[in-house]
Protein chains: 2
Amino acid sequence: MQASRPTIADVARAAGVSKGLVSFALNDRPGVSPESRTRILAAAEELGWSPSVRARSLSSDVSFAVGLVIARDPEIIADDSFFPSFISGVERVLAPRGQSLVLSVVGDERLEEATYRRLAAERRVDGVILTDLRAADSRVSLLREIGLRAISLGRTDVDASAIPAVTLDDAPAIHDAVRHLVSLGHTRIAHVAGPDRLLHAARRKASFLQAVASSNLAAPVVVETDFTAADGARATAELLDRAERPTAIVYANDAMAIAGIGVARRAGLDVPRDVSIVGFDDSAIGRYIEPALTTVATDARGWGFTAADTLLRLVSGDEVGDIELAPAELVVRDSTATAPTETNTDRRQR
Amino acid sequence: MQASRPTIADVARAAGVSKGLVSFALNDRPGVSPESRTRILAAAEELGWSPSVRARSLSSDVSFAVGLVIARDPEIIADDSFFPSFISGVERVLAPRGQSLVLSVVGDERLEEATYRRLAAERRVDGVILTDLRAADSRVSLLREIGLRAISLGRTDVDASAIPAVTLDDAPAIHDAVRHLVSLGHTRIAHVAGPDRLLHAARRKASFLQAVASSNLAAPVVVETDFTAADGARATAELLDRAERPTAIVYANDAMAIAGIGVARRAGLDVPRDVSIVGFDDSAIGRYIEPALTTVATDARGWGFTAADTLLRLVSGDEVGDIELAPAELVVRDSTATAPTETNTDRRQR
DNA sequence: TGAGTCGGCTAAACCGGTTTAGAGACAAGC
DNA sequence: GCTTGTCTCTAAACCGGTTTAGCCGACTCA
């Protein structure tokens with residue numbers, strides 16, 4: 001039995017050269033004659049040699065891995081289709097380049113800082129992807145302090161130049177959604193928003209408010225949630241209970257929108273006849289429920305792909321700037337329809 | 001500016017001892033006097049030293065990381081709430097022990113082998129968690145060949161002793177589901193199964209068939225799917241189109257069950273009046289849709305927790321055997337009801 | 001012809017830990 | 001008094017790569 005994997009010294013011996021030259025040849029650097037190069041590569045191939053990341057990391061101070069820290073309650077991640085798609089996009093970049101993804105799900109924001117510190121102290125990763133950016137996000141200065149490179153999904157409000165951002169504009173799609181509802185005759189359009197601390201949730205809300213304002217409607221009702229289906233249900237119940245019940249609700253994610261449809265139906269309302277529903281994410285399930293969900297489609301996979309690619313370029317020393325992806329798009333399906341006439345608006349019991 | 005992080009040599013110098021002794025003290029091994037020990041720990045604390053995993057890995061041949069390779073189409077992962085919950089359970093074990101999770105999403109089973117080989121060749125991880133076990137799974141021998149330790153979710157059919165398994169029995173819950181439907185008067189109960197290659201899907205199907213048989217019903221119809229909501233919708237349409245339409249359908253996951261409810265409604269059927277629906281997973285969304293989904297709850301988070309804990313024990317050299325978790329449980333909600341009488345069974349158009 | 005340049009290569013240091021061989025001090029046993 | 005054993009500790013090798021300093025021979029140029 002050959003005890004352990006071949007090392008670079010074995011390759012050197014087989015090719016009759018020094019370790020150093022093997023290293024040069026394998027990282028194709030100048031200063032190696034063509035004959036030696038082919039001989040070395042042949043020897044490496046023959047021995048089935050592949051470099052040990054550990055040794056490489058130690059001597060070259062590179063981890064060949066990137067980190068992703070998700071600070072969300074597991075339930076929210078499970079409800080949300082964003083991360084799985086996003087991660088699969090990330091992998092499509094990493095795998096071919098021999099990089100690994102180190103994933104941390106911390107559930108609690110208080111553990112978040114410790115996680116980043118550990119990643120940096122142990123030098124597990126060369127850089128991280130920042131998601132779920134918050135207002136005045138403390139991670140921006142934290143990362144600077146611990147010297148960890150990063151890119152962010154969306155632009156931070158702290159120091160926009162500190163961290164390159166990969167952005168995806170959802171404002172046009174939200175405007176389209178509101179216009180779509182207004183054109184259907186809706187005047188009382190409510191919003192079930194995500195946590196206000198989260199920049200993307202706040203931005204969606206702002207876009208929504210602006211869209212409503214520019215349609216000359218009265219200031220709409222907005223209910224904040226934590227993004228879970230459970231909280232989406234609670235928010236919906238609250239909205240439908242109001243004296244001036246909205247005839248359309250725009251949600252910050254599909255999970256809440258789907259829960260919202262459920263709540264409306266339990267309240268004896270028909271969707272979309274009595275209330276129109278708009279989601280956000282374009283999750284697969286939304287396409288198959290009845291009524292099929294009108295929603296805003298964002299390319300989570302593409303976002304992951306570009307984010308990973310950008311981070312790798314940053315880590316390798318390139319100068320990278322912000323990158324803007326194609327904006328989100330409204331997908332109209334069956335959960336939105338003409339606004340009910342006033343006489344239809346009163347609650348009916350099933 | 002202090003250029004780089006302190007190393008063990010800095011700690012040694014500060015404490016006035018040798019590197020070796022510092023190493024001993026920090027891994028609390030015998031042979032260090034109490035005074036030296038406290039002096040060393042104080043020095044390390046003072047300097048803010050933390051060990052470099054890279055160096056540690058290189059010299060001790062341990063990666064302090066475990067791998068998870070998910071070979072599923074990204075769409076299926078996004079539809080399925082299992083992995084996010086599972087991973088959050090895994091993290092709850094890893095983080096406190098200074099271990100990292102290296103995640104690979106490969107999408108294509110052909111890339112899977114290469115991914116495991118890379119993980120092993122680069123020695124990125126000390127062990128892996130095997131999920132989505134397949135019939136005659138080639139990974140069992142692959143892992144042996146490349147010398148990667150592993151535990152599996154569910155027991156392999158290849159060489160049960162090769163890889164310790166963490167199992168969760170869903171048979172009782174599936175039997176309960178069928179009994180529940182039978183007690184409601186259903187006699188034509190169909191199953192929308194997952195891919196037959198997947199052991200857990202096949203096992204669920206087998207449990208279902210056995211449960212139906214033991215209720216003295218005729219052999220039921222089973223439609224195989226790829227686990228996506230889209231395929232669940234297709235399967236449902238196929239079932240509802242049959243001359244002898246089933247009055248109840250048991251699905252292999254919640255995403256398909258929810259899609260199935262959508263399809264039934266589009267076909268003008270009411271759930272649960274015309275057809276009863278049972279899911280599998282107990283996803284959050286299922287609780288809030290209307291009708292709330294009757295489903296089988298498995299503790300994905302706990303599964304992740306136990307799997308990670310078992311793998312770490314295995315990796316650290318412990319002798320570990322199979323572990324059986326608490327079985328899945330049926331959760332009865334509103335998507336199941338008394339079977340329709342024969343006159344009610346014919347299709348009505350909306 | 002001699003100095004300078006360049007390409008190809010080797011030896012050795014280095015990254016930051018762990019681990020082994022063995023030194024020195026001291027107590028116990030004969 | 002001498003051997004033996006135990007405890008604490010140091011020096012140095014080692015893990016498997018990368019990188020630097022410098023050697024050697026051939027070639028160029030004045």
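Residue numbers start from 1 in every chain, and the chains themselves are labelled A, B, ... in the order their sequence lines are given, proteins ahead of strands. The structure displayed is predicted, hence computed values, not measured ones.
Between B:Arg39 and B:Leu58, the residue anchored closer to the 5' end of DNA chain D is B:Arg39, taking for each the nucleotide with the nearest heavy atom.
The CZ atom of B:Arg5 sits 15 Å away from the C1' atom of C:dC15 (whole-angstrom rounding). Rounded to an integer number of Å, the gap from B:Leu21 CG to C:dA23 C1' is 14 Å. Between A:Arg54 atom CZ and D:dG16 atom P there is a gap of 10 Å when expressed in whole angstrom units. Residue B:Arg56 contributes atom CZ, which lies 18 Å from atom P of D:dG16 at whole-angstrom precision. Taking atom CG of B:Asn27 as the reference point, atom C1' of C:dT20 lies 15 Å away to the nearest angstrom. Between the CG atom of B:Leu26 and the P atom of C:dG16 there is a distance of 16 Å, given to the nearest Å. Here D:dG17 presents its P atom at 12 Å from CZ of A:Arg13, a figure rounded to the nearest Å.
Contact annotation for B:Val32: backbone-only contact, meaning every heavy-atom pair under 4.0 Å involves sugar-phosphate atoms and none involves a base. Looking at heavy-atom distances under 4.0 Å, B:Ser57 makes no contact with the nucleic acid at all. Heavy atoms of A:Val17 sit under 4.0 angstrom from primed sugar atoms or phosphate atoms, though from no base atom. Within 4.0 Å of A:Ser23, counting heavy atoms only, lies at least one base atom of the nucleic acid.
Residue B:Trp49 has a polar side-chain atom (N or O) positioned under 4.0 Å from OP1 or OP2 of C:dG17.
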- Could you write nucleotides 20-25 of chain D as a row of B, S and -, 5' to 3', where a protein heavy atom under 4.0 Å of any base atom gives B, of only sugar-phosphate atoms gives S, and otherwise -? B-----
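Annotation for B:Arg5 and A:Ala121: closest pair CD-O, 4.0 Å, computed over non-hydrogen atoms. Considering all non-hydrogen atoms of both residues, A:Ile146 and A:Tyr116 come closest at CD1-O, 3.6 Å.
At a cut-off of 3.5 angstrom, the base of C:dG16 holds no donor-acceptor pair with the side chain of B:Lys19.
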